[in-house]
Every structure is written in structure tokens, then in C-alpha cells.
Amino acid sequence: MHRWSQLFIPTLREAPADAEVASHKLLVRAGYIRQLGAGIYSFLFLGNRTTQKIMGIVRQEMDKIGQEFYLPALNPREIWEASGRWAAMGDNMFRLKDRKGADLCLGMTHEEVMTDIARKELRSYKQLPQIWYQIQTKFRDEPRPKSGLLRVRQFLMKDAYSFDIDAPGLDASYQKHYDTYCRIFDRCGLKYRVIDAHSGAMGGSQSQEFMVRTPAGEDQIVSCEKCNYAANMEKATSRLAPVEDLKAEGDGQPLEVHTPGQKTIEDVARFLGVSPKNKIKTLAMMMTEEDAPIGTKTPGKSRTRAVVLLMRGDHQMNEAKLSTAVAGKQTRPMQEEEIRDLFHSPAGYLGPLGIDWAKDMKDSGKPILLVDEALEGRVNLIGGANKEDYHVKNLTPGKTFHPTAYADLRAVTAGDECPSVGCGAALRIDTAVEIGHIFKLGYKYSQSMGARVLDRNGKEVAPIMGSYGIGIERILTAAVEQNNDENGFWLPPSIAPFEVVVVSTNPKDESIRSTAEDIAQQLEGSGFDVLLDDRDERPGVKFKDADLVGIPFRVNVGKKVTEGIVEVVRRSTRESVDVKISAITEYFQDLRPAAR
RNA sequence: CGGGGAGUGGCUCAGCCUGGUAGAGCACCUGGUUCGGGACCAGGGGGUCGGAGGUUCAAAUCCUCUCUCCCCGACCA
């Protein structure tokens, strides 16, 4: 029996001054956590109890598909050299030396250690598939820890790794994780979306993120309220309404028109009496190509190369999509003289004509012309003439000028139509927190680290891998972000530190005290996690504390005990019902979610 | 790393400009009265004013350096 009077639950009336987001303020106020340094937190009794429950759910579900390991956080340099990530991780990796001067690091993730085990132990396709997971502390020297528990330098992660003999095997392992993650987050009571994610620099083929919408989030996601469509900004698309192209003028060849002083898309469209949708927006960028391999700290020789983007007049460019289109190279807007060098024209009249564009991305030395997919197939567009006070009609991509490549560069905006077939609803854009990530790794680690098994034909092959992560504390943070008000927060019973708090409103009244005690005993006997607030405090203090600390149900034991009645208050709605003391256990058993 | 802000008792903050040897509310301890939404009265304990150096008869206050934390940006397998 947990008695509040004997526990350490240091609740605060006021939030610490340096807390900004709701979950940070409330978790500190509720006595769950205390800060030790930037991005470093101690978990106290209630906080630890909750993370233990979350880990319990994660274990139960993961044990259905995999096996739990426990790997060291302290890693020798060698395995990270083998994968190439000793350098690639840069300053984000905590590094240290042992007494002999040997390099060590604190693990940010465990592909290397798991793959090391695999390469030493796995020999045959008959041993596959394998799914190995652990729940363990990760260390990342974030450039900027922030928002309480949302971005920290030390955190708990459930990380899993799959080893399969072939791609269909990986697909199956990946799907198992997808399903398991849904069960885990459902049981944790979270509302989440699964989005297609950028495969990133890890060389994987497919990747999805489990996101929870919250204003405190750092990532922007696009989602549809009606259907399940969801994507991050760099992947999101939307359905474009058909646009009526202009008719060719004259002989259909590019035709210069005098547009004195008309520089912006809107000005030109109005001046010529056309829609911005029939205009081409020309964006002039410079891209920096580093000679030195990415991740190394020695600055190599860098060259710049012009990248010109053509968008539909009313569209905006998304920088993440541009970054993808140029394979992660750094880009910046051109400076005035760079624009003149390439276009021989002032800004405001830029267009694709008269420039020798690169035929493909490898056609180095020449400027790159990237055309947004929204312009593919369009005809007779209007763009700048590369000549002051002139624009050009009859521009048709692929005919009057030749793009280096077409690419998806367009930023989705809120209210755009959902791209799902037959959906038709409007898209929304929200910030979100990533609570899980599943990833088809492919052969990157098995190859670089030399894991090999014999296949059915006795041929040596590298196993194909997947990796799958869940941020334990982020589940708590997301739950608090989703369920709070100015008085505190409420957690789903499955992850709350206690399911019920029994408040003895006046411990000096013997019948109230003993009834509260009996009810708490009874509920605990029926398998509920119960906290008995037996403190010698005024009722108001106890109610305020109960509202603060995240426990979903409260039983008020007060004057009505003489009538054999107590109140049960549901924290989320504040609704209160009178329940007969004799029926209290049944009352809660009826509420108990089936998932337990 | 660039820009901004802040470090004064456990928490929230005042005092700093204009130097004179540290305050309030909450929390804590003792006694009493209270007891259904963060009570009241009386008494009490607790502070290297982030750190170092300097100016001065005298520094929380002025000057220099430094550390830490927060926010925006950059960054984020």
C-alpha cells in the first residue's frame, strides 16, 4: 500500500521559470522529474513509475516478436570505425578515453553493437530471421537540448534490429514492427499518426515515423483529418486542381513581351491579364559541393554551382525537398552579381531561356535547372526573358527549354486537397513529436561490418537489416502534452504511476480515515495501482495535488461515508459520480480497459 | 556556433540604474485555531547574491573575465 504521507512527491505550486512547454512545467510541478543539467533529467518516484509502466508495455508487445538483449552504452571506437560512423556522427557523439588512452564513445544507437554480434554469431540462413531488441540509455550531445524531456542528451530508447536473409524477409520483419508499434502506442493511450519519412543518409529504402501532434513538437507534419494520409513536409504532396493552359500566341515560339517595371509574379500576371498559375517563378540558388567527405571536420575545397528552380507562379518552394533534390548539398540564394553572371539580367525578369543547362546532375560545370513537377506537361507558360522589363510567352518545359531534371519542390500549404484517391478533404499542417521510427536499413551495416551468412545454396550473403526505435520518455511527454490543463495533467491508466488516488478528506475523522484505508486496500487487492492520500492536509491541498500528478481517477472519501457513499472523479472530464462503498471495486473493474 | 535573455534562501521574484553590508510571497520548523478546492495567528530556522579578479573607506549594485541555464536560429542516425 502506497501512502502519500510516507512518499516523496515534491509537488510545486509554481512552474520553474525556465520551463516553456506544458509537459516540462507540469512534470516538474508534479514531482516526476528534476533537471540536473541542460538536457539531463532525474526521474523521481512518480516519473520512474510511469516510465517503468511504459517499458512494461513495450516489453510485453516486443516479446511477441523479438528477444530482449541488454547492450553496453560504453562502446569502443573500433566498431564505429567499421561502420564509418565514428567520423560521421561528428560532435553529436559523446567521446571519451580510457586510462590507456583508447577511444571510447557513449552509444547514440546500437546498429554497430548488434551487427557486431550478428557478424560473430550468425552463420546460416537457418538462423534467420532474428529480431533483437533492448531498452537502454542513449547518449547524444545535442547542439541544443530543449523543451524539457522533448530533446535531451540522455534518454531511454527501445531499439530493435532485424536480420533477414532477403528483402521479402525484411518486409515481414518491418511489418511486424509496424503492427507492434501500433499496439504499443494504442495501449499507451496516444493519438498518433504514421508518416512516410525521409530515408535519409542511412541508405535505407523505407522508413516511417510515428508522430503525435502537439504544439510543443519540433517537426511539421501534413495530415488529413478525413483519411489516414499523413506525411512530413519534405514528403507531403497534395492534389492540384487542373489548370487551363494558355493558348499559344503567334507561331508558338517564345515571344517576348514588354513588361516595364513589372517584377513580381502578381504584377506581371495582372499586367498581362493571366493567372499566376500560368506563370513560372524562377528561383536562383547556389549549391555548395564539398570535396571532403561528409562528416569529416577538415574543410575540403568547396565549389559552388548554380541551381535554378522553376515553380508554378503561385507555389512556394520547400527547402527540405530542395535539399533532397540536390542530394543534401548546401544551398543558398544567389547574390546579385551571381544572378547577373548567369542570367545577364536583373532579378525580376529571370527565366530559363538562353542558358546552357546541365543535361543531368552529373553534367558538372554547367548550371542545373530543376523544374517542379507541377510544371511537367504544362504548355505556353510565361516567364522572365532574362532582359530588363521583358517577359516571355509560350514557354513549354521540355520543348522551348530543357530541364536538368524534374523534381518535387513544392511546399504543401494548409488547406490543400488531400492526395489520397477519392478523399477530397483539406490537409492540415501541425507540429508533432516523433515517438517511434521504423526503418529498412538494407545492407549498410551488414556489409560495412562484414556480417555474412550462407544462404540456401551455400553462397555467402549479407543479411538485410532493419532498425526500429521508440523514445520511452517521449511517450510520457506526448501523453502529458495531449492531456493537460492549467491544473495539471492526466495519464491513461495503462501508463499512469497510479490508477486511482484515494483521498481521505479528513484523516482526523476515524470513520473517514478507516473507510479510505479499506477502499484502498480493497482496490489494491483487486489488482489496481492505488495511492492513498492519508496526509494530514486540508482537502483543498489534496485535491489540487491529485489534479496535478497525472492519476486518472480519484476517490473522495468524505462526509457521505455515513451514507455508505464516496465520490469517484474522472480527472480528464472532472465528472464526479457517487458510488456505493460496497460496490467500489466492481465500479472500477467495469472501467478497466480490456487491454490490461 | 550566431543572436537574445536570465543567474539573489527549496520555488516565484523585488532590490542593481543612483554603491552604505539583503527583502517579500510561497515552502520549511514549533505552538495554537482551522478542515470539501493550495487556511489563519504567533514565534522561528535558512542566503558564498553563479564564480574569479578589479575599482572603492565600502560592491548583490560599478568594471573585466569566466561558468551555467533558458529562448530564437544553425544542427538533429
Can you tell me, in whole Å, how much space there is between the [atom1] of [N] and that of [M]?
{"N": "B:G3", "M": "B:G44", "atom1": "C1'", "answer": "48 Å"}
{"N": "B:A39", "M": "B:C71", "atom1": "P", "answer": "32 Å"}
{"N": "B:U48", "M": "B:G2", "atom1": "P", "answer": "34 Å"}
{"N": "B:G4", "M": "B:U64", "atom1": "P", "answer": "16 Å"}
{"N": "B:G20", "M": "B:A58", "atom1": "P", "answer": "14 Å"}
{"N": "B:C41", "M": "B:C57", "atom1": "C1'", "answer": "45 Å"}
{"N": "B:A59", "M": "B:A22", "atom1": "P", "answer": "12 Å"}
{"N": "B:U66", "M": "B:G19", "atom1": "C1'", "answer": "23 Å"}

Measure from the side chain of [X], starting at C-beta and using heavy atoms only, and say which of [options] lies closest.
{"X": "A:Asn506", "options": "B:C35, B:C76, B:C11", "result": "B:C35"}
{"X": "A:Ala17", "options": "B:C13, B:G25, B:G38", "result": "B:C13"}
{"X": "A:Lys544", "options": "B:G37, B:C71, B:C26", "result": "B:G37"}
{"X": "A:Ala38", "options": "B:G38, B:C71, B:C69", "result": "B:C69"}
{"X": "A:Lys508", "options": "B:C35, B:G38, B:U12", "result": "B:C35"}
{"X": "A:Glu14", "options": "B:U12, B:G36, B:C70", "result": "B:U12"}
{"X": "A:Asn92", "options": "B:C70, B:C76, B:A74", "result": "B:C76"}
{"X": "A:Asn556", "options": "B:G73, B:G36, B:A27", "result": "B:G36"}

Identify whether the distance between the nearest side-chain nitrogen and carboxylate oxygen of A:Arg3 and A:Glu517 falls below 4.0 Å. yes
Looking at A:Glu111 and A:Lys444, is there a salt bridge between them, counting it only when a charged N and a carboxylate O are closer than 4.0 Å? no
Over 60° means perpendicular and under 30° means parallel, so tell me whether A:His2 and A:Phe498 are parallel, tilted or perpendicular. perpendicular
What nucleic acid atoms does [X] come within less than 4.0 Å of, heavy atoms only: base, sugar-phosphate, or nothing?
{"X": "A:Ser147", "answer": "sugar-phosphate"}
{"X": "A:Ala15", "answer": "sugar-phosphate"}
{"X": "A:Met93", "answer": "nothing"}

Under 3.5 Å for both donor-acceptor distances, Watson-Crick or wobble: does [N] have a partner, and if so which one?
{"N": "B:G19", "value": "none"}
{"N": "B:U56", "value": "none"}
{"N": "B:C69", "value": "B:G5"}
{"N": "B:U30", "value": "B:A42"}
{"N": "B:C75", "value": "none"}
{"N": "B:G36", "value": "none"}
{"N": "B:G25", "value": "B:C11"}

Is there a side-chain contact between [X] and [Y], using heavy atoms and a 4.5 Å cut-off?
{"X": "A:Trp4", "Y": "A:Glu537", "result": "no"}
{"X": "A:Phe210", "Y": "A:Ile438", "result": "yes"}
{"X": "A:Val577", "Y": "A:Tyr587", "result": "yes"}
{"X": "A:Glu61", "Y": "A:Lys158", "result": "no"}
{"X": "A:Pro10", "Y": "A:Arg34", "result": "yes"}

Both A:Pro16 and A:Glu434 contact RNA chain B. Taking the nearest nucleotide for each, which residue is further toward the 5' end? A:Pro16
My understanding is that only one of A:Glu473, A:Arg474, A:Glu481 makes a side chain to side chain donor-acceptor pair (under 3.5 Å) with A:Ser23; could you say which?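 Result: among A:Glu473, A:Arg474, A:Glu481, A:Glu481 is the only option passing the side chain to side chain donor-acceptor pair (under 3.5 Å) with A:Ser23.
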Check this for me: does the side-chain of A:Arg29 come within 3.5 Å of the base of B:G38 through a donor and an acceptor? yes
Using only heavy-atom distances, decide whether a donor-acceptor pair under 3.5 angstrom links the side-chain of A:Arg554 to the base of B:G37.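 Between B:G37 and A:Arg554, which were checked side chain against base, a qualifying N/O pair under 3.5 Å is present.
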Atom [atom1] of [X] and atom [atom2] of [N]: how far apart are they, to the nearest Å?
{"X": "A:Arg538", "N": "B:A27", "atom1": "CZ", "atom2": "P", "value": "12 Å"}
{"X": "A:Asp545", "N": "B:C11", "atom1": "CG", "atom2": "P", "value": "18 Å"}
{"X": "A:Asp536", "N": "B:C29", "atom1": "CG", "atom2": "C1'", "value": "15 Å"}
{"X": "A:Phe543", "N": "B:A39", "atom1": "CZ", "atom2": "P", "value": "12 Å"}
{"X": "A:Gln35", "N": "B:U68", "atom1": "CD", "atom2": "C1'", "value": "10 Å"}
{"X": "A:Leu150", "N": "B:C75", "atom1": "CG", "atom2": "C1'", "value": "16 Å"}
{"X": "A:Arg153", "N": "B:C69", "atom1": "CZ", "atom2": "P", "value": "7 Å"}
{"X": "A:Arg144", "N": "B:G2", "atom1": "CZ", "atom2": "P", "value": "15 Å"}

Ignoring backbone atoms, establish whether A:Lys146 has a side-chain N or O less than 4.0 Å from OP1 or OP2 of B:C72.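 For B:C72, OP1/OP2 do have a side-chain N/O of A:Lys146 under 4.0 Å.
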For A:Arg151 and B:C76, is the shortest distance between a side-chain N/O and OP1 or OP2 below 4.0 Å? no
Please find out if less than 6.0 Å separates the ring center of A:His177 from that of A:Tyr133.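 No - the distance between ring centres of A:His177 and A:Tyr133 does not fall below the 6.0 Å cut-off.
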From CA spacing to verdict: ring-ring contact (aromatic ring centres under 6.0 Å, His included), A:Phe588, A:Phe553: CA-CA 9 Å; A:Phe588 279 107; A:Phe553 293 98; 5.7 Å; yes
Strand contacts (RNA chain B) in residues 557-575 of chain A, 4.0 angstrom heavy-atom criterion: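 Only A:Gly558, A:Lys559, A:Glu567 qualify.
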